[in-house]
Amino acid sequence: MSTSMHENSSRLLFLPLATFIILFVLHTLLNFLSKWNKKSIAAIAKKSSLPSLPKLPIIGNLHQLATLTHRTLQSLAQPYGPLVLLHFGNVPVLVVSTAEAAREVMKTHDLVFCTRPHRKMFDILLYDSKEVAGAPYGNYWRQIKSISVLHLLSSKKVQSFGALREEEISMMMEKIRQCCSSLTPVNLTSLFSTLTINIVCRVALGRRYSGGSKLRKALNEFQLLLGFSVLGDYIPWLDFLGRVNGISGRAERVARDIDEILEEVVEERISKKHHDGANGEGQQKDYVDILLWLQRSNAVGFPIDRTLIKALILVSKMKRKIVFLRY
Amino acid sequence: MYKILIHVEVIFCNIIQKVEHEVTNNGYLFQDLFAAGTDTTSAVLGWAMAELLRHPNVMQKLQGELRSVVGDRTQITEEDLSSMHYLKAVVKETLRLHPPLALLLPRESMEDTKVMGYDIASGTQVIVNAWAISRDPSYWNQPHEFQPERFLNSSVDTKGHDFEVIPFGAGRRGCPGRGFALVVGELVIANLVHQFNWEVPGGVAGDQTLDMTESAGLTTYKKFPIVALASPRT
């Protein structure tokens with residue numbers, strides 16, 4: 001009863017709100033149209049004479065977002081040369097299409113272009129962007145990146161997981177041999193996916209998760225949602241739409257599920273350690289152990305809390321899961 | 001007047017809805033990093049096997065190299081990889097044609113700067129089209145052809161120093177997982193090709209296995225699964 005009243009009242013509230021917003025939009029739209037072209041671009045991109053794609057007021061080139069793949073971006077950019085400017089809502093977006101221009105951005109001016117755009121989804125799904133891939137540039141990012149590199153991705157570490165990789169690969173070869181003897185065609189796509197997930201789980205969590213598990217389901221939803229951009233990232237005053245269509249709610253649910261799983265893994269490890277009395281670096285097996293050891297020994301220059309541990313595991317999972325991860 | 005306003009309102013609502021729909025459902029341009037990160041290795045493995053199945057001469061040459069390094073031993077180990085130059089060329093060529101994150105991960109500028117003579121404002125997002133760059137005819141001969149030989153007598157590498165092929169990005173935000181990714185990729189391909197002969201079955205599965213259509217999404221997968229018949233090489 002109270003829920004339905006609550007729904008009604010929020011609907012009642014929504015209508016005038018929507019009307020107000022729409023009027024505001026119209027007003028802004030007219031404003032933009034009158035000064036079109038000169039002020040809007042100039043304000044954002046300064047005096048740059050950078051070639052720029054024609055855009056709509058307010059939404060910029062957002063209406064083209066769905067069709068902007070690497071292929072369409074290539075043909076869009078071609079007439080303009082190595083650099084072209086788009087706009088997603090308020091946000092200027094520079095598209096780089098030649099090796100020379102890429103070198104300028106990622107080498108000559110690497111430090112200037114060293115941060116990541118802020119995404120609302122990351123805040124919900126990735127512990128407030130506490131992880132390595134999406135964290136903004138700064139001291140915090142440098143510290144957590146060095147933890148990942150040192151304890152997970154250095155060539156010494158990569159080597160130390162060699163036996164585990166070879167074991168997983170020979171199990172895959174065994175499956176293929178079984179297909180051979182039964183003359184069944186091999187679905188390589190699905191074998192590759194299982195293999196990479198198994199390797200990452202074993203490296204990061206110390207155990208393998210089988211097909212239908214809670215983790216895999218949560219991870220699928222997680223990855224799907226991570227792919228979503230929220231309109232509010234580009235047009236902040238339209239952020240409420242993310243609540244209306246339920247995307248934020250879905251994201252919060254999956255974030256909770258994943259948190260529970262990771263909490264369980266960390267908790268299990270702590271009580272096991274406690275029980276065994278195992279200690280020190282020599283015993284370390286997987287990433288969770290390493291992070292817990294770092295936490296206990298205070299080996300890095302800042303405190304590591306439970307949330308950070310979970311954030312790093314999550315990223316490493318994605319990342320290594322397959323590997324080419326990126327930060 | 002009132003009617004006109006209502007009309008305008010409806011049109012505008014439609015636009016907003018459409019934009020919202022596109023951004024949320026198809027905004028893969030900006031998929032996260034992560035989501036991207038997760039499936040990249042298995043995507044590349046798929047592309048590599050598809051290219052090998054489409055180029056039997058390359059497959060044969062690769063099998064020859066593997067045999068010459070490990071002889072009759074079945075399992076190829078990580079120590080064997082260092083002398084397998086053609087294998088490494090096959091993986092590089094796969095990454096050149098099919099970088100799994102075709103647009104890498106977006107970066108953002110932290111202060112006003114000048115790039116190639118243009119002013120770039122602080123807060124500008126940057127998308128690098130790594131896919132377009134590694135198929136650019138001004139750096140690559142026959143850029144759309146799968147020719148691992150092009151990497152054989154060349155120092156060009158994917159470390160992020162040679163900007164004509166940057167599947168792992170470059171600089172401070174370049175992928176630190178590159179080493180891990182390459183070991184897994186090379187080891188899996190080596191064992192698949194050394195331990196088995198591969199053949200494309202007839203019919204739909206075969207057609208789809210050789211079909212190189214790309215999936216939508218931040219990580220560029222082969223759209224159709226790769227299904228092939230294996231027979232042990234003794």
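Letters A, B, ... mirror the listed sequences (proteins, then strands); counts begin at 1.
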query = Between B:Asn191, B:Thr77, B:Leu229, B:Ile133, which shows the greatest number of heavy-atom pairs under 4.5 Å with chain A?
reply = B:Ile133

query = Given the options B:Ala205, B:Gly169, B:Ala170, which has more heavy-atom pairs under 4.5 Å with chain A than any of the others?
reply = B:Ala170

remark   = Applying a strict 4.5 Å limit to non-hydrogen atoms, the region of A:Arg71 in contact with chain B is both

ask   = So, B:Asn129 side chain and A:His70 main chain: donor-acceptor pair closer than 3.5 Å or not?
value = yes

task = May I ask you to name which of B:Ala230, B:Ala228, B:Gly171, B:Ser138 has the most heavy-atom pairs under 4.5 Å with chain A?
result = B:Ala228

ask   = Given that the side chain runs from C-beta out, which part of A:Thr108 has a heavy atom under 4.5 Å from chain B: side chain, backbone, both or neither?
value = neither

key: Interchain contact, A:Ala77 with chain B, by part (heavy-atom threshold 4.5 Å)   = neither

ask   = Under 3.5 Å, is there a donor-acceptor pair linking the side chains of A:Arg177 and B:Gln195?
value = yes

task = For the pair A:Glu166 (side chain) and B:Glu78 (backbone), establish whether a donor and an acceptor sit closer than 3.5 Å, ignoring hydrogens and angles.
result = yes

ask   = Would you say B:Arg173's side chain and A:Cys114's backbone share a donor-acceptor pair under 3.5 angstrom?
value = yes

ask   = Of the listed residues (B:Glu214, B:Arg135, B:His161, B:Lys222), which shares the most heavy-atom pairs with chain A below a 4.5 Å separation?
value = B:Glu214

request  = Would you check if A:Leu85 and B:Ile120 make a side-chain contact, meaning some heavy-atom pair closer than 4.5 Å?
outcome  = no

query = Is the Lys NZ or Arg CZ of B:Arg172 less than 6.0 Å from the centre of A:Phe113's six-membered ring, within 45° of the axis?
reply = no

inquiry  = Only pairs of heavy atoms separated by less than 4.5 Å count here; which of A:His109, A:Met173, A:Lys107 has the most with chain B?
reply    = A:Met173

message = Less than 4.5 Å to any heavy atom of chain B: does that hold for the side chain of A:Glu104, its backbone, both, or neither?
response = side chain

task = Identify which of A:Leu191, A:Leu111, A:Leu195 forms the greatest number of heavy-atom pairs closer than 4.5 Å to chain B.
result = A:Leu111

message = Side chains of A:Val93 and B:Thr124, heavy atoms from C-beta outward: is any pair under 4.5 Å?
response = no

request  = I would like to know whether B:Glu108 and A:His118 meet side chain to side chain donor-acceptor pair (under 3.5 Å); could you show each step before the answer?
outcome  = CA-CA 9 Å; B:Glu108 189 177 293; A:His118 179 250; over 6 Å; no

query = So which part of A:Ser170 gets closer than 4.5 Å to some heavy atom of chain B, the side chain, the backbone, both or neither?
reply = both

Side chain, backbone, both or neither of A:Glu100 within contact of chain B (heavy atoms, under 4.5 Å) = both

query = Taking the side chain from B:Arg107 and the backbone from A:Arg116, do they hold a donor-acceptor pair closer than 3.5 Å?
reply = no

query = Any donor-acceptor pair under 3.5 Å linking the side chain of A:Thr196 with the backbone of B:Ser42?
reply = no

query = Most heavy-atom pairs under 4.5 angstrom with chain B, which of A:Cys180, A:Ala101, A:Ala99?
reply = A:Ala99

